[in-house]
Amino acid sequence: MSGGADNNLPSYLELLNPEQRRAVLHTGKSLLILAGAGSGKTRVITTKIAWLIQRGVAPQSILAVTFTNKAAREMAARAQIIDERASGAMLRTFHSFGAWFLRRNGGCAGLDSNFVIYDDDDMISLLATIMQGSPKTDVKRTAYNISRAKDYFLSPDDPGLAAIDGKKKFRELYARYEERLAHTGNVDFGDLIKKTVEILRNEPQVAQRLRERFSVIMVDEYQDANVAQFALLKELCGPDTCVCVVGDDDQSIYRFRGAEVKNILQFPDRFSGTEIIRLESNYRSTAPILRAASSVVDHNHGRLGKTLRAERGDGKQPVLAFLPDQDEEVNFCASLIENSIKQKNNAAAAQYADWAVLYRTNAQSLGFETEFLRRGIPYRVVGSLKFYEREEIKDALALLSFLVNPRDEIAFRRVVNKPARGLGAVTVDRIIETGMARGSSLFETAKGMTQELSVKAKKGLEEFIKVIEEGRALLEQAPVESAAAPAPKKSRRTAKKGEGLAAGEGLSVCVASMIQKSGIAEYHLMQDEIMGNQRLTNLQELVNAASLYAGTFTGLLEFLEHIELDRSLENDRENSGSEDKITLITFHNTKGLEFRRVIMTGLEQGIFPREDKKNEELEEERRLFYVGATRAMDELYVTSCALRRMYGRTMPVEPSMFLREIDKSCLRVIGTAPSVFRTAQRRPHAWERHIESEAEQVSGWRRGQRLFHDDYGYGAVTEVRDSDDGPVVRVQFETGEDTRFLSEHQGAAFVKIGSDEQ
């Protein structure tokens, strides 16, 4: 990479620490930036792009790829602040780059440039036509396995396919799926990478042209790359290419999506002469939080290793709470949060938005939602149904997809008879089969078959054809120059019943017209009085979004591509909102986020880690723990229950093995701990309420302490005193039982509860 250190460095480099500056000024051909959590890697990447441009590298020769459109946009914006010429660099996601490449070079593989990108649902729909009569679960599993095969760059005849699914039937289904997908003229997400690599390997001139175009390639979040994406990187790199990857092997948590941690672990072996620069200054969390997180992930063998330093210095010890069951877990979390909010005149007072409650699976959110609703605590759930996955939106997008690609079988099937136009499944199949036999588009085939149908079906099909023709006419008549600038700010008015959809500028005119004239809007409005209006509002929002694009075929292609490549739009809107709410979120979804106060729940064997996780998968579970813990800036709480409802009944569970791996000197343990934590003395916490201001305390016991006993149930301590045999605890139970215990002998039967409230 061009450039080197000198005595006249620009002022923006003074903002970097020595490690970051060294990474920016690196001049070798191959660089691995091992960036720990909260170490400022985005600043390094964006600064490096600007620095290279200022040292004479042409912006157009720089390619930077990451995994989300949001990250790509942020990188571009920050680089342009330093040097506006950075707008000439190409910053895209892997899949967006693949789409860009295939639009221009797909003809080498027999692919028309007007292809549509199939999502998971489209894959399942196409497979269902091949696997007729098979249970839907089998169809979904096959679709998932095909996606995984493409992530690992495996074709139907590849011997390595057995690692995904060893059955001969799967190979046959995969091959038939590829044949049918090719006939539609479309691609799925896996093809965006796989077909790009195949063209680069089979067309040396195309590959050479691309290598000459991009002399510098940078990859963000490299730990999340899969095998196919690594293959793409290798094909893009020529002998003179400077390649820089940035990532954290300790944050590789997407194996289920095909991410392969070996890509980052083996990068120095695959790119000779690689220099490794570690970014170990953490600017997010306090030292005790980092020590707790690192002490768990340090047990992994598959890691390059680094030691994070907390630039914010010391802070509160993380709290590990042992609780009797999941009901007390949600009570603990709710009380903890409520009491932090009540400290309005205290510097430690919190907002709801400061808090995040983390869990391993989405199903665990139910208890928290129920309790928070009961207490009137505002919250949001991250990971619910996204905007573009709603039925009415998928219907509208299918209509638009068929407009740009009249060979799109899946889109045709979804909307040709929705709402009902008298076209049964037999008629639809007949049109598709005829089109395949003739090698013609479904649109032209349908036009030619109207005279062969019944009066009702003929009328319905002609109505559908008219909608498509009118949509085409609108796009062909639109002025091309409308793409020169984004549409001006417009009204966000939504349509009411009987009004139809409100169109604005650009592409919105075509989108509103087609949704309205196709009957989709009325169909969803009539489904349900309440839900119908909500669905119409959603369709109006789609029309609003379309107004930012040119009202041309190119504008529509860009609109559909943006949607398919950025399915996280709804989550982005939630994350950027200013409403003061607690975040309920899975560990996986926290990646890239940070919160002042984090509660990690459900730390039990079988829950986290999952019971079936062994070897490499267990190491990924540790990395998931590390990711969750390092989201916390100021305070970290970890909960573990003795009982949990699973499989329809309440069952005893063991504490997570990760709790045994945490450096106990980092923690403050509350509740009755297993023997390995027994030496940690319990201390009062801010959220506890003492029955008496001068509560007696003996060996960790105090008057008013709430507890749970295996035999007697819930109760409260009414007296504590020392004796020759150890502390004596007197407890009044809810059952009316009043009993004394020698705590040294009965301690294992007790579970202390933090809150004194019922």
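Computation of the quantities below employed the complete heavy-atom set of this structure, encompassing side-chain atoms and omitting hydrogens, waters and symmetry-equivalent molecules. Since the structure is predicted, the reported quantities are computational estimates derived from the model, not experimental observations.
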Peer 1: If every non-hydrogen atom of Ala446 is compared with every non-hydrogen atom of Leu461, which pair is closest and at what distance?
Peer 2: O-CD2, 3.6 Å

Peer 1: When you check the gap from the basic side-chain N to the acidic O, do Glu391 and Arg414 get nearer than 4.0 Å?
Peer 2: no

Peer 1: Whether the side chain of Ser125 engages the backbone of Asp121 through a donor-acceptor N/O pair (distance < 3.5 Å, no angle test) should be reported.
Peer 2: yes

Peer 1: Could you give me the CA-CA distance, side-chain angles and deciding distance for Tyr549 and Glu505, then say whether side chain to side chain contact (heavy atoms under 4.5 Å, CB included) is met?
Peer 2: CA-CA 8 Å; Tyr549 293 80; Glu505 292 102 0; over 6 Å; no

Peer 1: Between atom CG of Leu525 and atom CG of Leu501, what is the distance when rounded to the nearest 0.5 Å?
Peer 2: 9.5 Å

Peer 1: Taking NZ, NE, NH1 and NH2 as the nitrogens, is one of them in Arg610 or Glu621 under 4.0 Å from a carboxylate oxygen of the other?
Peer 2: no

Peer 1: Just do the side chain to side chain donor-acceptor pair (under 3.5 Å) check on Asn589 and Thr586 with the steps written out, would you?
Peer 2: CA-CA 5 Å; Asn589 283 331; Thr586 64; 3.2 Å; yes

Peer 1: List the steps and the verdict of ring-ring contact (aromatic ring centres under 6.0 Å, His included) for Phe230 and Phe94.
Peer 2: CA-CA 10 Å; Phe230 169 75; Phe94 269 106; over 10 Å; no

Peer 1: Hey, could you give me the NZ/CG distance between Lys581 and Leu584, rounded to the nearest 0.5 Å?
Peer 2: 11.0 Å

Peer 1: If I take atom CZ from residue Phe67 and atom NZ from residue Lys591, how far apart are they, to the nearest 0.5 angstrom?
Peer 2: 9.0 Å

Peer 1: Any donor-acceptor pair under 3.5 Å linking the side-chain atoms of Lys194 with those of Ser155?
Peer 2: yes

Peer 1: If you measure only the distance, is there a donor-acceptor pair under 3.5 Å linking the side chains of Asp408 and Tyr118?
Peer 2: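 Judged by distance alone, the side chains do pair up.
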
Peer 1: Compare every heavy atom of Leu403 with every heavy atom of Phe553, then report the nearest pair and how far apart it is.
Peer 2: CE2-O, 4.1 Å

Peer 1: Any side-chain heavy atom of Arg407 sitting closer than 4.5 Å to one from Phe402?
Peer 2: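 Not in contact.
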
Peer 1: Salt bridge check: are Glu476 and Arg472 linked by an N-O gap of less than 4.0 Å?
Peer 2: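 Answer for the salt bridge query: no.
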
Peer 1: For the residue pair Phe189 and His95, does the interplanar ring angle fall in the parallel (under 30°), tilted (30 to 60°) or perpendicular (over 60°) class?
Peer 2: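 Correct class here is perpendicular.
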
Peer 1: Give the C-alpha distance, both sets of side-chain angles, the deciding distance and a yes or no for side chain to side chain contact (heavy atoms under 4.5 Å, CB included) between Ile124 and Leu127.
Peer 2: CA-CA 5 Å; Ile124 292 169; Leu127 268 172; 5.7 Å; no

Peer 1: Calculate, to the nearest 0.5 Å, the distance between atoms CD1 and CZ belonging to Ile431 and Phe443 respectively.
Peer 2: 12.0 Å

Peer 1: Please check this pair: side chain of Thr129 against backbone of Leu126, looking for a donor-acceptor N/O pair closer than 3.5 Å.
Peer 2: yes

Peer 1: Look only at the side chain of Tyr359 and the backbone of Ile585, and say whether a donor-acceptor pair between them is shorter than 3.5 Å.
Peer 2: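 Side chain of Tyr359 to backbone of Ile585: a pair is present.
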
Peer 1: Does a salt bridge link Arg148 with Asp165, judged by any charged N lying under 4.0 Å from a carboxylate O?
Peer 2: no

Peer 1: What are the two closest non-hydrogen atoms of Leu181 and Thr184, and how far apart are they?
Peer 2: O-OG1, 2.6 Å

Peer 1: Quick test of your reading of the model: are Lys447 and Glu469 salt-bridged, counting only N-O distances below 4.0 Å?
Peer 2: yes

Peer 1: What's the spacing between Arg430 CZ and Leu423 CG if we round to 0.5 Å?
Peer 2: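 Result: 11.5 Å between the selected atoms.
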
Peer 1: Short question: side chain of Ser147, backbone of Ala143 - any donor-acceptor pair under 3.5 Å?
Peer 2: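 Between the backbone of Ala143 and the side chain of Ser147 there is a qualifying donor-acceptor contact (under 3.5 Å).
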
Peer 1: Using side-chain heavy atoms (C-beta onward) and a distance below 4.5 Å, is Asn105 in contact with Leu210?
Peer 2: no

Peer 1: Look at the side chain of Glu620 and the backbone N and O of Arg255, then say whether any donor-acceptor pair between them is shorter than 3.5 Å.
Peer 2: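 Indeed, once roles are kept as given, a pair shorter than 3.5 Å links the two residues.
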
Peer 1: Kindly indicate whether a cation-pi arrangement holds for Arg141 with Phe170, taking the cut-offs as under 6.0 Å to the six-membered ring centre and within 45° of the axis.
Peer 2: no

Peer 1: In plain terms, say whether Asp157 and Arg171 are close enough for a salt bridge, that is, a side-chain N and a carboxylate O under 4.0 Å apart.
Peer 2: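 Salt bridge: no.
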
Peer 1: For Lys150 and Leu154, what are the C-alpha separation, side-chain angles and deciding distance, and is it a side chain to side chain contact (heavy atoms under 4.5 Å, CB included)?
Peer 2: CA-CA 6 Å; Lys150 293 188 177 185; Leu154 298 171; over 6 Å; no

Peer 1: For a quick check under 3.5 Å, do Tyr177 and Asp188 share a side-chain donor-acceptor pair by atom type?
Peer 2: yes

Peer 1: With no hydrogens and no angle check, do the side chains of Thr583 and Arg380 hold a donor and an acceptor under 3.5 Å apart?
Peer 2: yes

Peer 1: Strictly distance-based, threshold 3.5 Å: is any side-chain N or O of Asn417 a donor or acceptor partner for the main-chain N or O of Ala420?
Peer 2: no

Peer 1: Keeping Asp191 on the side-chain end and Lys195 on the backbone end, is there a donor-acceptor pair under 3.5 Å?
Peer 2: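 Absent.
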
Peer 1: Looking at Ile130 and Arg180, what are the two nearest heavy atoms and their distance?
Peer 2: CD1-CG, 3.9 Å

Peer 1: Closer than 3.5 angstrom, by distance alone: can the side chain of Thr590 be matched with the main-chain N or O of Leu593 as a donor-acceptor pair?
Peer 2: no

Peer 1: Identify whether the distance between the nearest side-chain nitrogen and carboxylate oxygen of Arg421 and Glu462 falls below 4.0 Å.
Peer 2: no

Peer 1: Determine yes or no for a side-chain-to-main-chain donor-acceptor pair under 3.5 angstrom, with Ser96 supplying the side chain and Arg92 the backbone.
Peer 2: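 No: the side chain of Ser96 does not pair with the backbone of Arg92.
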
Peer 1: Could you pull out the closest heavy-atom pair between Val543 and Ala503, with the gap in Å?
Peer 2: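 Taking every non-hydrogen atom into account, CG1-CA, 4.2 Å.
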
Peer 1: When you measure from the centre of the six-membered ring of Phe115, is the NZ or CZ of Arg103 under 6.0 Å away and within 45° of the axis?
Peer 2: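 Yes, Arg103 and Phe115 form such a contact.
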
Peer 1: Roughly how far apart are Leu400 CG and Asn405 CG, rounded to 0.5 Å?
Peer 2: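 Interatomic distance, Leu400 CG to Asn405 CG, rounded to 0.5 Å: 13.0 Å.
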
Peer 1: Under 6.0 Å from the CD atom of Glu444, do we count more than 12 heavy atoms belonging to anything else shown?
Peer 2: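 Atom CD in Glu444 is packed in, count exceeds 12.
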
Peer 1: Any chance you could lay out the ring-ring contact (aromatic ring centres under 6.0 Å, His included) test for Phe587 and Phe608, step after step, and finish with the verdict?
Peer 2: CA-CA 10 Å; Phe587 281 89; Phe608 191 23; 4.7 Å; yes

Peer 1: Give a yes or no answer on whether the side chain of Glu470 reaches the backbone of Val467 with a donor-acceptor pair at less than 3.5 Å.
Peer 2: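 Judged by distance alone, no pair lies under 3.5 Å.
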
Peer 1: Looking only at heavy atoms, what is the nearest atom pair of Leu539 and Ala396, with distance?
Peer 2: CD2-CB, 3.9 Å

Peer 1: Quick one about Thr445 and Ser440 (side-chain donor to acceptor, distance below 3.5 Å, no hydrogens or angles considered), yes or no?
Peer 2: yes

